[in-house]
Amino acid sequence: MEVLLTEEEIQKRVREMAAEISRDYQGRSPILVGILRGSFLFLSDLVKQLTINPEIDFMSVSSYNNLTRSSGVVRLLKDLERDISNEDVVIIEDIVDSGLTLSYIKRMLMARLPRSLRICALLDKRERREVDIAIDYVGFVISNKFVIGYGLDLAQKYRNLPYVATLDESEAGVP
Ligand code: IMP
Ligand code: MG
């Protein structure tokens, strides 16, 4: 295990992202949609730094089934609790890898006719993209390595780490 992003680096970047979002949504109350479970630490740190008054809601989808690779199958496990038509929505995601999860979520939310829909992701593994999807707020572009910590898991463990670390292939269990 090797630390990729320290707690300090993450917190600094989260403050910058919060400032940018606060500027862009000045005078508005967007609904921040946290994608469970990976985004929970990022979302909680981000909202504490915002100078606007957002609403917060959550969605849960499954795409990884405890493995380190995308199955390509996305299943909706928990939907939003409120209607988003005519609302400003910002999806908060931990990491964009193939992009399959987000493009599924985006398509589903766009069908509900929000006033606007943007995407905010802490980590962007751009090299791995399989579908074209625009990320409006990106924390860090990272290389193609499996990462854990700060919400990100390996078989549901390590989400609690305050930093992001890479696992090598044997640790990550990739054949
Ligand atoms: P995508 O559909 O391939 O973009 O995968 C996105 C989801 O896969 C993220 O929301 C994460 O939950 C998970 N994921 C992708 N890469 C990693 C990683 O390196 N570590 C932990 N989870 C990951
Ligand atoms: Mg996720």
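Just so you know, these numbers use all the heavy atoms, side chains as well, and skip hydrogens, waters and symmetry mates. These numbers were taken from a predicted model, which means no experiment stands behind them. In listed order, ligands and their atoms are each counted from 1.
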Worksheet item: Which atoms of ligand 1 sit under 4.0 Å from any heavy atom of L152?
Response: 21 (C), 22 (N)

Item to complete: Please could you name the atoms of ligand 1 that L100 approaches to less than 4.0 Å, counting only its heavy atoms?
Response: 2 (O), 4 (O)

Worksheet item: Given L154, I148, I95, which has its nearest heavy atom closest to atom 14 (N) of ligand 1?
Response: I95

Worksheet item: Any ion pair linking K12 and E16 (charged N to carboxylate O, less than 4.0 Å)?
Response: yes

Fill in: R23 and E20 ion-paired at < 4.0 Å
no

Worksheet item: Contact between K125 and ligand 1, counting heavy atoms under 4.0 Å?
Response: yes

Worksheet item: Nearest 0.5 Å, what's the CE-CD1 distance between M59 and I105?
Response: 5.5 Å

Fill in: Subset of ligand 1 atoms that lie under 4.0 Å from at least one heavy atom of F146
17 (C), 18 (C), 19 (O), 20 (N), 21 (C)

Worksheet entry | From I35, I31, D136, L32, residue fulfilling side-chain contact (heavy atoms from CB on, under 4.5 Å) relative to I91 | I35

Worksheet item: Do the non-hydrogen side-chain atoms of L122 and D94 ever get within less than 4.5 Å of each other?
Response: no

Discussion item. A quick test of your reading: do over 12 heavy atoms of other residues, nucleotides or ligands sit less than 6.0 Å from NZ of K145?
Written reply: no

Item to complete: Run the numbers for me: atoms of ligand 1, each under 4.0 Å from some heavy atom of D153, listed by number.
Response: 21 (C)

Worksheet item: Does a side-chain N-to-carboxylate-O contact under 4.0 Å join D132 and R129?
Response: no

Discussion item. Need the ligand 1 atom indices (1-based, order shown) with element for anything under 4.0 Å from a heavy-atom of S98.
Written reply: 1 (P), 2 (O), 3 (O), 4 (O)

Discussion item. Nearest non-hydrogen contact with atom 20 (N) of ligand 1 belongs to which option: T101, L167, V147?
Written reply: V147

Worksheet item: So, does G99 sit close enough to ligand 1 that a heavy atom of it is under 4.0 Å from the ligand?
Response: yes

Response to the item:
The single option from V138, V90, L102 that satisfies side-chain contact (heavy atoms from CB on, under 4.5 Å) with I119 is L102

Worksheet entry | For E93, the ligand 1 atoms whose distance to one of its heavy atoms is below 4.0 Å | 10 (O)

Worksheet item: Where's the contact between D94 and ligand 1, heavy-atom distance under 4.0 Å: side chain, backbone, both or neither?
Response: side chain

